[in-house]
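Only one structure is covered here, and it is reproduced in the block below.
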Amino acid sequence: MAAVAVATRWWLLLVLSAAELGVARALQPPNILLLLMDDGCWESCCCGHLPRVWVPAGSVLQMGWGDLGVYGEPSRETPNLDRMAVEGMLFPNFYTANPLCSPSRAALLTGRLPIRSGFYTTNGHARNAYTPQEIVGGIPDSELLLPALLKGAGYASKIVGKWHLGHRPQFHPLKHGFDEWFGSPNCHFGPYDNKARPNIPVYRDQEMVGRFYEEFPINLKTGEANLTQIYLQEALEFIQRQQAAHRPFFLYWAVDATHAPIYASKPFLGTSQRGRYGDAIRELDDSVGRILRLLRDLSIAENTFVFFTSDNGAALISAPRQGGSNGPFLCGKQTTFEGGMREPAIAWWPGHIPAGQVSHQLGSIMDLFTTSLSLAGLEPPRDRAIDGLDLLPAMLQGRLTDRPIFYYRGNTLMAVTLGQYKAHFWTWTNSWEEFKQGIDFCPGQNVSGVTTHSQEEHTKLPLIFHLGRDPGERFPLSVASIEYLDALRRITPVVQQHQEALVPGQPQLNVCNRAVMNWAPPGCEKLGKCLTPPESVPEKCSWPH
């Protein structure tokens with residue numbers, strides 16, 4: 001069912017957040033900017049500026065959780081994000097919906113767990129899956145995405161950067177509510193030979209305008225690429241056009257410079273104490289600063305809601321040269337330990353969200369869907385389960401809502417957090433075979449009985465941690481303790497209710513076929529680059545990790 005406008009909602013929000021600004025600002029709903037980093041990590045934002053008591057024990061942040069100064073990263077190379085945090089609100093207990101790119105992005109735009117929308121595989125128990133070039137599936141037409149719903153409140157919408165919800169044309173952003181797109185269906189993997197596998201295309205709206213490593217070069221040796229600058233200009237130009245048209249806008253800025261292979265433009269290369277990864281972080285920080293500065297220059301900052309976060313934890317398998325830090329948390333991307341699921345999060349809305357605050361609300365990337373609809377004066381669809389929570393009460397009134405966080409890996413519920421307690425029903429990092437080949441999602445972090453290389457079931461007696469005392473998940477509670485039994489009594493009915501009501505979507509990530517790769521997408525004739533696909537048949541996708 002389409003979202004339903006709530007006539008008085010925006011006026012109520014204005015009164016609650018900043019009545020002194022006057023009703024003139026309420027003539028249209030606020031603009032919405034979602035800044036999504038890739039493979040995040042966050043120690044670097046504001047550590048010298050916020051009072052120590054505001055940052056919870058053990059808090060650092062993930063683009064990974066350990067790369068921003070506000071969360072403790074010592075190089076202090078993110079002044080713009082530091083300032084954003086000082087002027088806005090931090091969410092140190094903010095989570096993604098999956099420890100891998102594609103499912104987490106589906107969750108953000110639908111407000112639903114990936115298992116509901118079909119962004120999982122049944123090809124292996126607890127196997128993460130995403131959308132490589134040869135994947136046959138993508139975001140289903142039955143899913144209602146945020147930009148399509150925001151049209152009901154008159155929003156213009158644009159995605160800049162990485163889509164990752166399906167390569168085939170029927171899955172592209174303009175088919176699912178976006179008005180504009182500049183970016184790619186996937187990350188900047190490659191280069192490929194255009195014979196066994198084509199280079200990944202870059203689109204402007206429905207037209208392919210080039211490919212990574214060809215029209216959009218990336219120098220793997222030096223790390224030089226101008227992609228972040230191109231993405232920045234796309235964002236700035238879109239904001240300026242919509243402001244001139246006096247139209248509310250939704251901008252989803254989904255850049256990927258911090259995903260291996262790491263890149264940065266020439267002015268930023270070699271400028272960080274943290275190597276090439278730090279160079280990319282510094283360029284992204286500068287870009288965020290320029291976006292926020294434009295909002296101020298156009299006098300629309302007080303009518304623009306901005307949220308900064310990441311799609312999953314830092315890819316420790318790529319660290320330290322091409323991966324970030326997850327601070328004190330266990331493991332990283334691909335896992336359902338805190339390092340793979342807990343994300344950096346900053347909300348910024350001058351004149352509405354009180355500056356320099358920390359919210360201890362348990363938050364989720366799915367909440368951005370529900371919160372954005374609330375900002376627009378719209379209600380979520382009523383014909384489906386929505387997992388996202390409206391964060392406005394937490395942001396504007398300091399009101400906290402008790403809710404669980406579910407940690408899925410593939411179609412398997414691995415863990416749940418409720419309050420300060422986290423219960424693991426399954427533990428697994430990756431297989432012994434992969435681990436012996438050097439694939440390590442938890443380098444230097446072996447915790448006996450927790451970071452297991454075989455899939456270990458704990459559904460009868462889950463491993464339970466108190467994340468406030470033990471954010472690194474190193475010391476499970478004794479199963480004989482009163483604290484364990486009390487936590488289990490609270491968690492068990494919540495999990496039972498969730499699983500009994502769950503209706504999984506049709507899995508989208510099971511079938512691969514090389515013929516569906518972008519050999520000859522629309523517009524390739526203009527470039528003279530229509531490639532010939534090899535003969536291929538559908539096959540079961542293999543998910544090694």
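Along the sequence shown, residues carry numbers from 1.
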Non-hydrogen atoms of Cys187 and Ile200 that approach each other most closely: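 Distance-wise, the nearest heavy atoms are O-CD1, 3.3 Å.
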Intermediate values then yes/no, side chain to side chain donor-acceptor pair (under 3.5 Å), Glu338 and Tyr95: CA-CA 9 Å; Glu338 292 297 283; Tyr95 292 86; 2.6 Å; yes
Contacts of type side-chain hydrogen bond (donor to acceptor under 3.5 Å, both in side chains), residue Ser102, not counting sequence neighbours: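 Result, side-chain hydrogen bond (donor to acceptor under 3.5 Å, both in side chains) vs Ser102: Thr131, His164.
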Set of side-chain hydrogen bond (donor to acceptor under 3.5 Å, both in side chains) partners for Tyr408, sequence neighbours left out: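 Once residues adjacent in sequence are excluded, the partners of Tyr408 under the side-chain hydrogen bond (donor to acceptor under 3.5 Å, both in side chains) criterion are His498.
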Stepwise side chain to side chain donor-acceptor pair (under 3.5 Å) check, Glu77 with Ser272: CA-CA 7 Å; Glu77 292 180 342; Ser272 170; 2.6 Å; yes
Whether Phe250 and Phe178 hold their rings parallel, tilted or perpendicular, with breakpoints at 30° and 60°: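 If you compare the ring of Phe250 with that of Phe178, the planes turn out parallel.
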Aromatic ring pairing Phe307/Phe94, orientation class (parallel under 30°, perpendicular over 60°, tilted between):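 Ring orientation of Phe307 relative to Phe94: tilted.
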Distance-only side-chain donor-acceptor flag, Arg282 / Thr271, under 3.5 Å: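 There is such a pair between these side chains.
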Thr78 and Asp285: side chain donor to acceptor below 3.5 Å: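 No, no side-chain donor-acceptor contact under 3.5 Å.
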Beyond-backbone contact of Leu150 with Ser157, side-chain heavy atoms, under 4.5 angstrom: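 They are not in side-chain contact.
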Neighbour count >12 (heavy atoms, 6.0 Å) for atom NZ, Lys175: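 Not buried by this count: 12 neighbours or fewer within 6.0 Å.
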CG on Asn98 to OG1 on Thr336, rounded to 0.5 Å: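 Taking OG1 in Thr336 and CG in Asn98, the distance rounds to 9.5 Å.
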